[in-house]
Amino acid sequence: MSLPHARTIAGLLGVLALVAWPLVFSSPFDLRIFTLTGVFALMVIGYQFIFGHVGALALSQATFFGLGAYATAICAVKLGFSFPTTLTLSVLVSVVVALFIAIPVLRLSSHYFALATLGISQIVTLVALEWVSLTGGGNGFAGVPLPNIAGVVIPRGWPLMLLVWTFVAVGAVLAWQMMRGLYGKACHVVREDEVAARSLGIDIDRIRLTMLLLSAAYGGAAGALFAHVNRIASPEALEFKTMVLCLTMAVVGGRTKVAGAIIGALLIVHLPEWFRFLDRSYVMVNAIILIGLLIVAPEGLVGLIDRILPKARGVDMAKVSAIRDTPKASPPPRGALLPSTTPILEVRNLGKRFGGVKALDDVSFELHRGTITAVIGPNGSGKTTLVNCITGVETPNQGVITLGGAPIGGRMPHDIVRSGIARTFQNLRLVDDMSVLDNVAVARFEAEGAGPMSALKVGREDPSLLRAYAYALHLLHRLGVEDVHRPAGSLAYGVKRRVEIARALALDPQVLLLDEPAAGLNESEQNDLAARLQDLAASGVTLLIIEHNMPFLRTLATYMICLDQGRLIAEGRPREIYENPLVLDAYLGRGATAAVEPEPVLAEVRS
Amino acid sequence: MLQLTLNTLSLGSAYALVALGLVLVLNATNAVNFAHGALVMLGSYLAFAIAMVVPGQGIVVLPLVLLSAAAFGLVLALIAYFPLRTKPVVAVFIATISAGSIFENLVLLTFGPEPRSTPPILGNSMLDLGGGLAINEQSIAVICAAFILIAGQYVLFAHTRFGRRMRAVAQDPDMAAASGINVKLMIAFTFMLAAALAGAAGMFLSATYYTSPTDGGNYMMKAYLAVTIGGWGSIPGTVVGAFLVALFEVLIPAIPALIPGLDAYLPTTTLFSMTSSTIALFITFLAVLLLRPQGLFGEAIKKRA
Amino acid sequence: MRRATLLALASLLCTSVANAQAVQIPVIVPLTGPIALEGTSQRNGAVLAIESAAPLKVDTTVLDTAGAAEGGANALERAAGGKGVVAAVAPMFGTQVLPMIPLADEYGIPLLTTAGTAAITEKGSKFVYRFFPSDMVTKRAQAKYVLEDLGKKKVAILYNSTAYGQSGFDALTNYIKQGGGDVVYSDAIDLTTKDMTPTFAKLKAANPDVVLIQMHTGSMALLLRQYRQAGLDIPVVANTMLTMPSTAALLEPAELKGVCAETSAFIGKGVSPALDTFIDTYTAKYKAAPDFFALQQYDGVNMAIAAVKDGAKTPGDVQKYLASKTYDGAAMSYTSDGKGNMAHSAVIVCFDGTSRSPALVKRYEGKPTTN
């Protein structure tokens with residue numbers, strides 16, 4: 001109990017130190033530097049959306065910053081607009097340019113995204129340099145007036161400093177409020193594992209776009225303030241140098257915490273000023289200190305604080321248990337009212353080619369509510385392709401897949417998840433540095449309709465997150481996972497499997513696809529899992545299990561499908577399948593494959 | 001036309017050397033070494049300093065530049081890479097930017113802010129090839145030297161035990177470590193090799209084009225662009241990317257002069273200005289990424305584990 | 001903590017200095033980053049003037065503005081807090097000076113600068129003093145020399161795509177057209193451009209009879225070398241950057257043959273005793289030949305010192321002196337035109353192909369034009 005208090009005290013001390021700063025260092029010079037710190041802090045808080053929360057290395061924040069500065073400068077000088085108008089225009093210009101940038105680059109991955117955003121920034125800089133009549137060219141656009149709010153001019157020194165820091169405070173609270181709820185957890189999953197995020201029905205492209213636009217909006221506002229503080233908009237603000245400054249602040253301070261942005265800006269702005277007495281060597285000393293800081297605190301200074309004063313694990317369970325929003329015994333599937341002979345999931349003539357290879361060839365089968373169907377087949381027989389086609393990761397070349405009577409072909413993966421098909425992964429895809437509870441709760445993202453704006457409306461705590469916690473707790477309990485506050489990465493393998501199943505169940509699926517759920521489990525764990533899966537099926541969830549492990553399936557599966565070289569070679573009750581000569585052939589016929597298969601499988605098949 | 005092609009080749013070879021060093025470290029460490037541009041600049045000044053002590057043609061100075069640049073590569077690895085090896089990649093990103101700034105200011109404090117020139121490899125006079133065509137001896141020497149260094153690097157990687165080990169580290173460091181390769185040592189060598197290539201490029205570039213302490217950033221940008229256009233991590237792609245960058249710098253702005261009468265049809269004379277060509281380069285680059293998101297020679301991207 | 005101690009120490013020092021009735025002239029110039037070369041010359045000239053102010057004791061702090069736009073204003077705000085500041089040396093980089101102007105107005109501290117950018121004296125400030133002939137003077141001289149002395153009318157202009165290049169290009173175009181010439185070709189060259197061949201190809205096609213240049217040191221040296229290698233022999237009249245010893249050092253004397261340049265004043269021995277003294281002390285102190293940035297800034301700081309010697313006690317007094325008096329410096333005579341432009345004459349120098357020092361060819365004396 002002492003640790004959370006220590007964190008609260010440290011936080012309060014931090015805020016106090018920030019308020020005391022301009023009171024202690026109150027010369028006009030110190031105030032000016034502190035004002036600039038605020039401007040950069042606002043830019044970095046914005047940058048954290050795209051760079052920190054969804055982990056995309058965008059190198060365009062300086063462009064938004066510079067555009068904001070130019071928009072304010074030009075509108076204030078040429079058109080004589082007052083501060084509220086110019087500020088709005090600055091934000092708008094940046095957001096519109098961000099939308100424009102997003103079209104070509106948002107889907108690019110990692111380094112390509114980084115350089116594409118950098119390329120666009122270079123183009124904007126060159127245009128600003130060349131379009132002399134509008135921007136003043138290399139000289140910049142000078143003569144920006146002080147901010148004028150409803151006829152009152154905000155003078156330099158304390159008033160301007162307070163104006164800037166008011167924006168920082170408002171921006172910080174908004175960012176914190178947006179990202180601490182369920183939406184922030186969803187961003188965390190997007191950052192760590194895009195495949196997992198898609199499997200939870202999270203629309204990655206939309207989140208990344210939202211984050212980029214938020215970054216641009218903050219960057220534009222910071223740029224507008226910069227123009228007022230510095231009285232000029234010049235190409236320097238657009239340049240890669242400014243981008244490096246922003247990135248350095250974010251990395252040194254901390255990537256996802258608002259406090260990190262403020263600490264980073266404070267340090268990076270003041271560092272060179274503290275070493276001015278070293279003549280020209282101060283630049284080198286500055287760089288050496290930066291490297292030192294990175295070695296000591298690679299996760300940023302806020303990360304260092306987290307290490308010294310770790311966050312108390314867990315959430316306020318009293319609040320969670322106050323929410324009575326546990327899932328009903330059986331979710332109400334859309335097909336529930338159909339006659340029981342109507343299949344929940346129907347696959348008709350499914351075909352998928354990769355080049356000349358037929359990964360799936362005219363596969364047809366159907367799943368009925370509450371059944372447990374197993375898909376078996378040697379390696380390379382098309383099992384994973386089947387799962388990928390059903391979940392929308394791959395687009396089939398032919399055939400129809402219907403869920404509860406409605407075709408789902410051609411839909412985006414996250415859309416298919418939302419319509420009721422959930423999956424787990426053969427090689428577990430939990431987010432290791434999130435708690436078990438968070439990992440499961442984040443699956444409620446879509447059901448709760450979490451978004452940045454809805455997060456803004458609420459008061460102290462995000463109610464959708466509390467509801468998601470309550471839901472997740474119930475499911476974890478049902479799967480026998482008790483230690484819900486541990487980071488998922490620290491769990492035993494078998495427990496991770498169950499957490500992943502709980503996460504998939506939190507999506508309220510009608511159909512659950514399990515990709516080799518027994519892999520890596522010992523016998524007692526397998527038995528335990530089989531019992532829980534049977535329990536699930538009994539509650540109305542339809543299961544499709546991809547598996548090699550015959551002993552595991554023997555008592556579990558009610559129906560079996562065998563694939564070989566993309567074709568469905570046999571289907572029926574397990575007993576029939578075990579005796580089917582085609583199935584035996586498929587497993588025994590290829591020596592190389594058989595050697596890879598675990599021995600018990602063969603023994604089981606022969607028996 | 002031929003003149004412009006020769007110039008493109010000469011500039012492209014130097015850029016290829018710069019970009020190759022970047023891609024070597026990239027493959028071995030999965031991190032962009034943002035001090036690489038500064039190493040190129042450092043190479044120029046090392047050549048300048050060595051030439052003051054060791055008089056003679058560039059060919060004599062070159063080996064010494066390669067060695068001393070490699071030493072700086074090792075220093076870079078020790079201060080900005082190894083302490084952060086297991087840390088997030090962006091930490092290395094910022095550390096190498098800082099290291100680049102240290103190199104830049106070290107040079108500024110030692111040599112002053114004046115631009116400098118280094119001795120040419122063989123000579124700097126013009127060879128008359130007849131038909132109004134002349135080429136600088138240095139340009140030919142740069143093309144040859146770059147070719148030899150690139151070929152040498154290829155031989156090293158493809159045909160020596162040492163090179164195969166370096167390649168193994170680049171492909172899968174964990175696997176390499178498991179099979180008994182000293183991964184740290186190999187990475188240190190990679191940094192040294194990359195720095196040596198950067199140093200050579202720096203010397204070639206400054207003999208023809210001069211170098212100032214702040215030139216590193218520009219070389220970094222060019223190399224980064226070449227590596228990404230070519231396909232992240234692909235060596236042939238990088239070389240092609242470097243020539244493409246040079247093409248936009250030399251050949252594209254010259255188009256109005258190559259096609260007589262074109263001027264009459266152009267809406268504005270600035271369409272082929274230097275700045276427009278740079279903008280065109282970036283637009284081409286974006287178009288390449290839009291059509292081939294993995295670069296010209298890249299394979300589909302693996303997500304980092 | 002450490003900073004607080006330093007501050008306390010600094011303020012202690014300042015008080016003791018103030019007691020001795022010393023004045024202070026802070027030197028705010030770029031010493032790192034892309035314009036360190038010009039900034040360093042400026043500092044050298046300013047510091048030389050301050051050190052040779054005896055018997056008057058002048059204190060100074062040198063503050064680096066690096067390349068950032070806010071660097072100049074930050075440094076001025078810091079320096080303005082010091083005791084006894086009567087004037088400040090401002091960067092030759094116009095983009096940094098522009099944000100300094102509102103601050104200088106507010107503190108009432110005159111800025112002594114060598115920035116050529118036209119805009120800085122167009123802001124209506126009483127506190128900007130430019131000790132370098134502006135584009136109005138130098139570009140007019142360059143154009144006049146080409147049109148009248150060389151008799152060339154078909155002009156090509158090559159310039160860097162920077163503030164300096166752009167404002168010079170605008171002025172040149174203007175004066176060439178006014179004088180009846182024609183700009184047949186122009187090209188903006190990026191500072192990072194390595195190969196100028198495409199520009200030369202287009203230049204040849206346009207067939208000008210003279211080439212005017214408005215470029216920075218390294219870029220210009222590169223251009224001239226490749227110009228010679230490309231076998232071009234159209235006469236070249238460059239901007240003042242060519243006369244910097246560090247530019248000429250990059251080129252062989254033969255490559256400079258016949259090339260002319262405008263500059264503020266001819267820097268050579270035997271013109272005047274004041275200039276001889278400057279060249280001797282500068283060379284002795286810095287072991288390098290002075291350039292026009294150093295010379296003009298030296299004169300600028302000396303004029304402020306002259307004001308203090310004349311009895312000026314406050315920055316306001318110094319401002320009045322700068323605005324109303326004429327000062328005979330080492331390079332030329334300085335009088336304000338009412339906007340703060342102090343230097344009104346320019347010269348044309350040419351290289352003869354045997355040495356890296358140019359010879360004086362023509363002098364353009366201007367008069368301050370008050371409007």
Side-chain angles (χ1 to χ4, degrees), chain B residues 1 3-4 6-8 10-12 14-15 101 104-105 108-109 112-117 124-126 128 132 134-136 138-139 205 208-215 217-219 221-222 246 249-258 260-263 269-270 272-278, chain C residues 30-41 64 66-67 158-161 183-206 216-223 225-226 228-231 244-247 249-252 255 286-288 291:
Chain B
M1 179 69 204
Q3 178 78 60
L4 289 163
L6 278 172
N7 286 358
T8 309
S10 164
L11 189 61
Y15 284 166
S101 161
E104 179 183 323
N105 285 282
L108 178 72
L109 293 179
E114 293 87 4
R116 303 281 183 181
S117 181
N124 212 357
S125 56
M126 300 300 289
D128 198 349
I135 185 165
N136 195 326
Q138 169 73 1
S139 303
L205 283 165
T208 328
Y209 307 114
Y210 312 123
T211 305
S212 303
T214 48
D215 277 356
N218 172 44
Y219 293 133
M221 193 72 86
K222 298 270 159 72
E249 227 170 282
V250 182
L251 222 44
I252 304 290
I255 286 176
L258 293 174
L262 183 67
D263 270 341
T269 50
T270 56
F272 286 95
S273 71
M274 297 272 180
T275 312
S276 310
S277 302
T278 315
Chain C
L31 295 174
T32 59
I35 33 178
L37 177 61
E38 293 86 344
T40 307
S41 287
D64 174 28
L158 305 178
Y159 60 101
N160 278 135
S161 53
V183 179
V184 295
Y185 178 71
S186 69
D187 202 356
I189 293 166
D190 202 84
L191 275 183
T192 59
T193 302
K194 297 290 170 206
D195 195 304
M196 318 274 184
T197 340
T199 300
F200 296 150
K202 288 184 274 187
L203 181 84
K204 264 191 224 168
H216 296 267
T217 311
S219 199
M220 170 149 40
L222 192 54
L223 181 117
R225 179 196 268 191
Q226 293 181 8
R228 290 296 180 222
Q229 287 177 346
M244 289 184 85
S246 50
T247 312
L250 293 170
L251 295 160
E252 295 303 320
E255 290 172 318
Y286 299 109
K287 310 277 178 284
D291 57 35

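- In this structure, C:R225 and B:S117 have side chains that are in contact, with non-hydrogen atoms separated by less than 4.5 Å.
- Proximity to chain B is absent for every atom of C:L191, based on heavy atoms less than 4.5 angstrom apart.
- For C:A221, the parts lying near chain B are the backbone and the side chain together; criterion is any non-hydrogen pair under 4.5 Å.
- With a 4.5 Å cut-off on side-chain heavy atoms, C:E38 and C:T217 count as touching.
- Here NZ of B:K222 is found 3.5 Å from OH of B:Y15. Values are rounded to the nearest 0.5 Å.
- When heavy atoms are compared at a cutoff of 4.5 Å, C:T40 approaches chain B solely by way of its side chain, counted from C-beta outward.
- To the nearest 0.5 angstrom, C:K194 atom NZ is 4.5 Å from B:D215 atom CG.
- Contact of C:A205 with chain B is not made at all, since no heavy-atom distance falls under 4.5 Å.
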